[in-house]
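Quick one: the structure is below, questions incoming.
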Amino acid sequence: MKRTGLSLILFLACSAIVFGQFKQTPLPYKYSALEPYIDSTTMYIHFNSHHAAYCTNLNKALEKYPELYEKSIVELIQGLNALPADIQTAVRNHGGGFYNHSIFWTMMAPAGTAPMSPKLEKILSESFGSVEAFKIEFEKAAASRFGSGWAWLIKEPSGKLHIISTANQDSPLLPMAETKGKPVLTLDVWEHAYYLKYQSKRAAYIKAFWNVVNWTEVEKLIAS
Ligand code: MN
């Protein structure tokens with residue numbers, strides 16, 4: 001009994017020390033789940049090395065201002081200009097990387113498990129002319145992003161759907177974003193996202209992505 005009590009106190013003390021720090025949510029599927037479109041080695045390294053580093057570096061940047069651990073990552077990014085000046089760049093880059101990857105994982109699903117519903121087909125056709133036209137515009141945004149960055153389908157405050165791309169780890173949540181909105185689909189076009197399998201063929205990676213989009217999640221995000 002005594003030992004259990006002591007363990008409990010130690011557990012609570014340790015929990016208090018790390019309380020509120022940002023943590024990666026586990027992937028909602030296995031590393032191999034998106035094969036052959038996205039290979040398991042890339043998924044493993046992407047999650048455990050790249051995404052994990054953004055998380056660690058975000059937590060490090062906030063060490064001087066532990067009260068900021070209590071905010072959500074969305075609040076930190078949207079309120080970037082109000083943060084202490086000495087951590088704004090770190091939150092933009094590492095906080096951005098932490099957030100972008102967190103949502104990117106949930107916007108993918110094993111091939112065939114989250115197909116596009118007729119309702120979503122209609123929504124995309126109304127916004128872009130056709131599903132095919134939507135895909136072409138998204139592919140263009142992803143392919144033409146120079147260097148590293150992300151392609152996005154966003155829902156603007158007006159409700160309008162819009163395709164954009166951002167550099168580095170920027171997102172449409174940033175106060176300085178040219179077009180602001182809520183992300184409903186995103187694609188990582190940093191080389192680390194595709195180089196092992198596709199080498200320099202970014203266009204092939206973008207085409208393959210359509211097989212593993214979680215359209216159920218996209219529809220849910222558009223509706224919310
Ligand atoms: Mn990445």
Could you go through the side chain to side chain contact (heavy atoms under 4.5 Å, CB included) check for Ile163 and Phe134 one step at a time?
CA-CA 9 Å; Ile163 291 167; Phe134 153 73; 3.7 Å; yes
Would a line drawn from the ring center of Tyr54 to the ring center of Phe98 be shorter than 6.0 Å?
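Not close enough - the centres of the two rings lie 6.0 Å or further apart.
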Go through the side-chain N and O atoms of Thr166 and Trp152 and say whether any donor and acceptor fall under 3.5 Å apart.
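There is such a pair (donor and acceptor under 3.5 Å, judged by atom type) between the side chains of Thr166 and Trp152.
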Output, in order, the C-alpha distance, side-chain angles, deciding distance and verdict of salt bridge (Lys or Arg N to Asp or Glu O under 4.0 Å) for Glu63 and Lys60.
CA-CA 5 Å; Glu63 265 171 7; Lys60 254 188 222 156; over 6 Å; no
Quick check: do His50 and Trp190 have side-chain heavy atoms less than 4.5 Å from each other?
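His50 vs Trp190: side chains apart.
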Using a 4.5 Å cut-off on heavy atoms from C-beta on, say whether the side chain of Ser224 contacts that of Lys182.
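Contact flag for Lys182/Ser224 side chains = yes.
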Over all atoms of both residues, closest heavy-atom pair of Ile154 and Pro172
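Taking Ile154 first and Pro172 second, the nearest heavy atoms are CG2-CG, 3.4 Å.
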Where the side chain of Glu35 meets the backbone of Ser40, is there a donor-acceptor pair that is under 3.5 Å apart?
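A pair under 3.5 Å: yes.
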Val213/Met108 under side chain to side chain contact (heavy atoms under 4.5 Å, CB included): CA gap, chis, key distance, verdict:
CA-CA 4 Å; Val213 172; Met108 295 189 288; over 6 Å; no
Tell me whether Phe146 shares a hydrophobic cluster with Leu187, the cluster being built from Ile, Leu, Val, Met, Phe, Trp, Tyr side chains joined at under 4.5 Å.
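No; Leu187 is not reachable from Phe146 via cluster members.
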Out of curiosity, Leu83 CG to Gln88 CD, how far, rounded to the nearest 0.5 Å?
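The distance works out to 6.0 Å.
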Close aromatic pair by centroid cut-off 6.0 Å: Trp105 and Tyr31:
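Trp105 vs Tyr31: aromatic centres not under 6.0 Å.
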Can you find a heavy atom in the side chain of Leu153 that is under 4.5 Å from one in the side chain of Leu124?
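Side chain of Leu153 against side chain of Leu124, heavy atoms only: contact under 4.5 Å found.
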Would you call Glu137 and Lys140 a salt bridge, using N to O less than 4.0 angstrom?
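Result for this pair is no, no salt bridge flagged.
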About how many Å separate NE2 of His162 and CZ of Phe128, when rounded to the nearest 0.5 Å?
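Result: 8.0 Å between the selected atoms.
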Please answer whether the main-chain N or O of Pro175 pairs with a side-chain N or O of Lys180 as donor and acceptor at a distance below 3.5 Å.
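Flag set: sc Lys180 to bb Pro175 pair under 3.5 Å.
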Same hydrophobic cluster for Tyr69 and Val74, using side-chain heavy-atom links shorter than 4.5 Å among ILVMFWY?
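Yes, one cluster joins them.
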Quick one: are Val218 and Leu221 in side-chain contact, heavy atoms under 4.5 Å?
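No; the side chains remain at least 4.5 Å from each other.
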Side chain to side chain contact (heavy atoms under 4.5 Å, CB included), that's the test. Do Ile164 and Glu178 meet it? Break it down for me.
CA-CA 9 Å; Ile164 60 161; Glu178 278 175 43; over 6 Å; no
Locate the shortest heavy-atom distance separating Ala111 from Val212; write the atom from each residue and the value.
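Reported closest heavy-atom pair: N-CG1, 4.2 Å.
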Tyr37 versus Phe209: any side-chain heavy-atom pair under 4.5 Å?
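Result no, sub-4.5 Å side-chain heavy-atom pair not found.
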May I ask you to decide if Ile38's main-chain N or O and Thr42's side chain share a donor-acceptor pair within less than 3.5 Å?
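Not at all, since once roles are kept as given, no pair shorter than 3.5 Å links the two residues.
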Side chain to side chain contact (heavy atoms under 4.5 Å, CB included) between Thr113 and Tyr29, intermediate numbers included:
CA-CA 12 Å; Thr113 63; Tyr29 38 72; over 6 Å; no
Assess the side chains of Asp39 and Tyr194: does a donor N or O sit below 3.5 Å from an acceptor N or O?
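There is no such pair between these side chains.
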Report the distance from atom CG of Asn81 to atom CZ of Arg92, rounding to the nearest 0.5 Å.
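Here the rounded value is 9.0 Å.
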Can a donor-acceptor pair be found, under 3.5 Å and without considering hydrogens, that links the side chain of Asn168 to the backbone of Gly149?
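No, Asn168 side chain to Gly149 backbone: no donor-acceptor pair under 3.5 Å.
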Is the backbone of Ala208 close enough, under 3.5 Å, to the side chain of Asn211 for a donor and an acceptor to pair up by distance?
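Yes, Asn211 side chain to Ala208 backbone: donor-acceptor pair under 3.5 Å.
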Shortest non-hydrogen contact from Ile103 to Thr106?
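Minimum heavy-atom separation between Ile103 and Thr106: O-OG1, 2.8 Å.
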Give a yes or no on whether a salt bridge exists between Lys207 and Glu139, defined as a side-chain N under 4.0 angstrom from a carboxylate O.
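Salt bridge flag = yes for Glu139 with Lys207.
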NE2/His94 to OG1/Thr89 distance, rounded to the nearest 0.5 angstrom?
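It is 9.5 Å, given to the nearest 0.5 Å.
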Is the Phe104 ring parallel, tilted or perpendicular to the His101 ring (thresholds 30°, 60°)?
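The arrangement is perpendicular - the two ring planes meet at more than 60°.
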Please determine, by modelled atom types, if Gln169 and Asn100 share a side-chain donor-acceptor pair under 3.5 angstrom.
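Per modelled atom types, Gln169 and Asn100 side chains form a pair under 3.5 Å.
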What about Ile136 and Ile206, same hydrophobic cluster or not, with Ile/Leu/Val/Met/Phe/Trp/Tyr joined at side-chain heavy-atom distances under 4.5 Å?
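Looking at the clustering, Ile206 is in a separate group from Ile136.
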Spell out, as yes or no, whether a donor-acceptor pair under 3.5 Å connects the side chain of Thr186 to the backbone of Ala151.
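The answer is yes, because a donor-acceptor pair under 3.5 Å joins these two groups.
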Cut-off 3.5 Å, side chains only: do His192 and His46 have a donor facing an acceptor?
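Yes, side-chain donor-acceptor contact under 3.5 Å.
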Is there a side-chain contact between Glu191 and Ser148 in this structure, where contact means two heavy atoms from C-beta onward sitting under 4.5 Å apart?
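Answer no - side chains too far apart.
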Within a reach of under 6.0 Å around NZ of Lys135, are more than 12 heavy atoms found that belong to other residues, nucleotides or ligands?
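For Lys135, atom NZ is crowded (more than 12 foreign heavy atoms under 6.0 Å).
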Indicate yes or no for a side-chain donor-acceptor contact from Glu75 to the backbone of Ser72 under 3.5 Å, with no hydrogens or angles considered.
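Yes, Glu75 side chain to Ser72 backbone: donor-acceptor pair under 3.5 Å.
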Separation between NE2 of His51 and OG1 of Thr56, rounded to the nearest 0.5 Å:
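Going from the NE2 atom of His51 to the OG1 atom of Thr56 covers 10.0 Å.
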Quick check for you: to the nearest 0.5 Å, what is the distance between Lys71 atom NZ and Leu62 atom CG?
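Taking NZ in Lys71 and CG in Leu62, the distance rounds to 11.5 Å.
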Short side-chain donor-acceptor distance under 3.5 Å, Ser102 and Gln24
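Distance-only check fails for Gln24 and Ser102.
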Determine the minimum heavy-atom distance between Ile77 and Gly95, stating which atoms define it.
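Where Ile77 meets Gly95 most closely, the heavy atoms are CD1-O, 3.8 Å.
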Test item: Ile87 and Leu68 side chains (from C-beta on) under 4.5 Å apart, heavy atoms:
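With C-beta onward as the side chain, the pair touches.
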Quick one: does Lys197's side chain have a donor or acceptor within less than 3.5 Å of a partner on Pro36's backbone?
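Here the side-chain-to-backbone pair exists.
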Please check if the number of heavy atoms outside Tyr65 that lie under 6.0 Å from its OH is greater than 12.
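Yes.
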Student check: side-chain heavy atoms of Cys55 and Leu58 closer than 4.5 Å
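Not in contact.
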Do you know the tightest heavy-atom contact between Ala114 and Asn214?
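Scanning both residues completely, I find the closest heavy atoms to be CB-OD1, 3.2 Å.
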